[in-house]
Amino acid sequence: MPTITLPDGSKKSFDKPVSGKDVALSIGPGLAKAALGVKINGELKDLSTVIDHDVSLSIVTERDRQKVLDKDGLFLIRHSAAHVMAEAIQDVIGKDVQLAYGPPTDTGFFYDMYVPEGKKISSDHFEAINKRMAEIIKENREFTRYELPVGVAESMQAHKEDGMRKLFLEKNKYKIDNAMRALAAMAEKNPAAADRIAYKYQDPDGSYGEADYKTVQGAKLTFYANGAPGKNWEDLCRGPHVPSTGRIGAAIVTSLASSYWHGDENSDRLIRVYGTAFPTQAELDEYLKQKEEASKRDHRVIGKHLRLFHIDEDVGQGLILWTPRGSVVRKELQTFIAAELKKQGYTEVFTPHIGRLELYKTSGHFPYYKDSQFAPIVERQALAELSASGCTCAEMMNRVEGVSERLAKGINERTKAQTIAPDRIMADDKLVEGFMLKPMNCPHHAKIFGSSPHSYRDMPVRLAEFGTVYRWEQSGELNGLTRVRGFTQDDAHLFCTEEQIPAEIQGCLSLVKTIFNVLGMKDYRVRVGLRDPDSSKYTGSAESWDKAEAACLAAAESLGVAFSKEPGEAAFYGPKIDFVVKDVIGREWQLGTVQVDYQMGNRFDLSYIGPDNKAHRPVVIHRAPFGSMERFCGVLIEHFAGAFPTWLSPEQVRVLPISDKTLDYGRKVLSALQAVGVRATLDESNERIQAKVKVAADEKIPYMLIVGPRDAENNAVSVRVRGVEKDLGAMPLDAFVKAIAGEIETKSAVLSVKP
RNA sequence: GCCGCUGUAGCUCAGCCCGGUAGAGCAGCGCUUUUGUAAAGCGCGGGUCGCAGGUUCAACUCCUGUCAGCGGCUCCA
């Protein structure tokens with residue numbers, strides 16, 4: 001006798017078990033027709049799921065009442081499309097392609113598969129695969145779910161109706177592994193009912209299967225057929241799926257990539273086939289158009305086209321050379337951020353790009369993170385002596401990484417733990433001195449803080465630096481401006497008392513808010529990284545952590561944007577807040593972080609004198625809310641598609657004389673603009689005005705001032721604004737100069753100067 | 001770091017499969033044109049085909065290695 005509670009709170013009672021489809025029908029035939037699945041107590045299920053007890057339920061359809069695509073609906077469609085694609089691929093490439101894992105993603109789905117030796121799948125096959133997918137969708141075959149028990153017999157030969165037996169017969173080790181994991185997970189969840197199952201299986205052509213694993217009594221495996229079981233293609237799958245292939249709408253395969261089984265590079269290499277699906281062809285087309293749009297915004301392409309930056313092989317991978325135009329963007333942004341920091345009471349510092357190894361041994365960066373740092377720089381003299389003494393490379397690395405007795409003792413005492421392991425301690429005459437390119441600015445800032453005594457009255461001390469750091473990112477990770485090996489952080493360290501943490505975090509967030517607002521990045525969210533309650537890797541007291549986490553959460557909440565709690569994502573030394581922005585076409589970018597650190601004070605023996613006249617440890621807040629200038633500029637290039645607001649544009653105005661005859665007047669206009677600091681140029685080329693306009697438009701110059709004899713006579717300029725494909729008319733030169741200076745001054749996001 | 005693909009003029013790309021030492025458009029330079037809002041016309045210059053080996057009478061082309069870029073995987077204090 002199930003009673004079903006619908007999302008609007010209304011209840012429906014039935015006198016016998018009903019399927020999701022029955023419930024939809026009872027609400028209305030239109031809904032039943034549109035239904036793709038159901039959500040039962042928040043869990044997505046097949047529409048055919050039979051309900052025999054009281055639940056809350058919602059019907060999942062393609063889109064909501066506002067005609068917006070529904071997330072759950074898309075999930076069902078794409079998960080189902082992954083099955084259709086897998087069938088199509090096996091039809092096109094061969095039945096011996098072994099499927100591993102095929103989930104939906106944010107933008108589509110993929111299916112990892114093993115393509116046997118000698119066979120190949122390439123983009124040349126896409127057309128055939130797409131065609132086959134379209135056929136399967138058109139056939140509108142029902143997705144049929146069925147379950148098979150496992151462990152019904154010792155010998156798999158004995159019972160046909162055994163899920164594991166079926167998989168063993170298919171000889172697909174990936175699916176067998178998937179099933180084993182699913183079964184083991186059941187045992188984990190319900191240890192009381194856990195049961196051990198052993199199979200022995202004699203294949204007609206020799207022995208094959210043998211399995212011994214844990215699961216629960218009565219465990220079942222779920223399969224889905226693209227049609228009728230035994231007749232059509234089927235797959236081990238947890239589901240859920242749409243009712244039939246026809247409900248997928250439109251699906252295509254989009255790209256190929258390689259992946260590893262379980263993401264482990266020592267494991268089998270698989271081919272990951274990406275695809276996407278939408279309820280209608282029009283939506284799929286729209287998506288493809290958007291993707292094309294996104295690739296047009298690629299900051300690497302725009303950066304080259306607009307000559308913003310250059311990466312040179314001879315300088316090195318991941319090292320950015322900022323050209324004059326790009327430097328303008330970066331500098332304007334930096335000046336803006338610096339001004340906001342000043343308003344918040346930050347003080348600016350400068351520190352060198354390298355520091356002694358001992359500094360990083362103290363901070364803990366070396367050798368702990370040595371794999372992501374540039375190699376240490378060892379002094380020439382020391383190197384020569386080592387080499388002369390026949391020191392091996394391995395021995396040298398040990399001696400470079402070693403720590404003196406004195407340093408180890410201090411750190412271990414202050415951190416009240418064996419932070420420096422005894423095997424790293426080495427006699428002073430064995431240690432090899434050296435330097436390191438700094439991977440972080442904090443050790444230098446800690447030394448500045450420690451260089452003078454501090455009273456609680458001076459706290460917090462806010463040290464800011466646009467500090468350049470170097471990290472050895474893996475070569476495969478490097479990408480344009482967004483992943484580089486040398487970058488400048490908008491870094492600052494806030495040395496504060498424990499009570500000051502909430503206000504300081506609040507300050508960081510309000511800064512971010514201001515800057516995102518000015519840049520028109522209205523859509524962003526924060527992730528609050530909290531400690532994993534089950535882990536012991538964290539330093540600092542539980543009470544401190546509770547307070548700091550509460551401060552982070554309160555600050556995030558006050559920001560007025562979406563935020564999520566991410567347990568286990570905290571750094572070992574304190575909780576953190578990450579910023580994720582969405583650009584104008586909806587892509588998300590991770591920028592910077594704010595992190596609370598209880599450890600650094602101990603490491604560097606920092607202190608301030610409290611009202612009790614005793615020394616106290618300061619807490620340090622690391623904050624680089626925009627990540628790095630490189631990454632942030634990269635994101636902005638894509639956000640604006642190279643069409644920067646006037647205040648950020650490398651070239652704000654271009655003066656275009658109709659012909660040489662008005663060149664002189666053009667020069668006058670140019671000086672008038674430059675006199676008030678506007679970045680303007682004059683196009684002196686011997687081209688027709690059409691060509692000059694085209695070139696300036698391609699270069700995304702915000703304002704074009706066309707000047708001919710008519711304008712010269714009236715001391716006017718004819719204005720053309722980026723994005724408007726026509727002449728807006730003439731206005732007095734003085735008025736234009738005044739207006740654009742105002743637009744730049746206010747950092748307006750829109751181009752508002754017009755006659 | 002791993003796997004796959006790519007590397008030809010400043011830029012975008014053709015030529016490579018099937019070896020006979022390179023081609024287009026744009027950009028640049030010169031001349032003509034003096035132009036009113038998204039590319040005027042003509043002419044000229046420019047490349048040891050990423051780099052290093054190998055095969056061959058002969059290599060941009062085939063093979064090996066290497067470097068770099070792209071797509072993904074893994075990673076990101």
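To find a chain, count down the sequence lines: A is the first, B the second, and so on, and within it residues start at 1.
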Taking any strand in view, what nucleotide pairs with B/U66 in a Watson-Crick or G-U wobble way, both distances under 3.5 Å? B/G50
Assign A/Ile706 to base, sugar-phosphate, or nothing according to its heavy-atom contacts below 4.0 angstrom with the strands shown. base
Measuring only the P atom in each nucleotide, how far is B/U8 from B/C49? A whole number of Å is fine. 12 Å
Residue-level proximity of residues 465-475 of chain A to RNA chain B when a heavy atom falls under 4.0 Å: A/Arg471, A/Gln474, A/Ser475
Assign A/Tyr274 to base, sugar-phosphate, or nothing according to its heavy-atom contacts below 4.0 angstrom with the strands shown. sugar-phosphate
Nearest-angstrom distance from the residue atom NE2 of A/His622 to P of B/C76: 17 Å
RNA chain B: A/Ala571 or A/Pro709, which has the more 5' nearest nucleotide? A/Pro709
Any A/Arg272 side-chain nitrogen or oxygen under 4.0 Å from OP1 or OP2 of B/G72: no
For B/G19, which nucleotide is its Watson-Crick or G-U wobble mate, given both distances must be under 3.5 Å? none
Looking only at side-chain N and O atoms, does A/Gln690 come under 4.0 Å of OP1 or OP2 in B/A39? no
In the structure shown, which nucleotide is the Watson-Crick or G-U wobble counterpart of B/C44, with both distances under 3.5 Å? B/G28
Within the 4.0 Å heavy-atom criterion, would you say A/Asp371 contacts the bases, only the backbone, or no part of the nucleic acid? nothing
Do any side-chain atoms of residues 301-317 of chain A form donor-acceptor pairs under 3.5 angstrom with protein atoms, and if so which ones, sequence neighbours left out?
| unit_1 | atom_1 | unit_2 | atom_2 | d |
| --- | --- | --- | --- | --- |
| A/His310 | NE2 | A/Asp312 | OD2 | 3.0 |
| A/Asp312 | OD1 | A/Asp314 | N | 2.8 |

Mind jotting down which residue pairs meet the side chain to side chain donor-acceptor pair (under 3.5 Å) criterion with at least one end in residues 435-446 of chain A? Sequence neighbours excluded, please. A/Thr351-A/Lys438, A/Lys438-A/Asn441, A/Asn441-A/Gln489, A/Asn441-A/Asp491, A/His445-A/Glu465, A/His445-A/His493
B/G36: pairing nucleotide in any strand, Watson-Crick or G-U under 3.5 angstrom: none
Between A/His353 and A/Tyr470, what is the ring plane arrangement, given parallel below 30°, perpendicular above 60°, and tilted in between? tilted
Interatomic distance, A/Trp589 atom CH2 to A/Thr482 atom OG1 [nearest 0.5 angstrom]: 6.0 Å
Identify whether any heavy atom of A/Lys304 sits under 4.0 Å from a base atom; if not, whether one sits that close to sugar-phosphate; answer base, sugar-phosphate or nothing. sugar-phosphate
Pairing partner of B/U55, by Watson-Crick or G-U wobble and under 3.5 Å for both distances, is none
Under 4.0 angstrom, heavy atoms only, what part of the nucleic acid is A/Glu313 near: base, sugar-phosphate, or nothing? sugar-phosphate
Using heavy-atom distances to pick each residue's nearest nucleotide on RNA chain B, tell me which of A/Arg720 and A/Arg300 is more 5'. A/Arg720
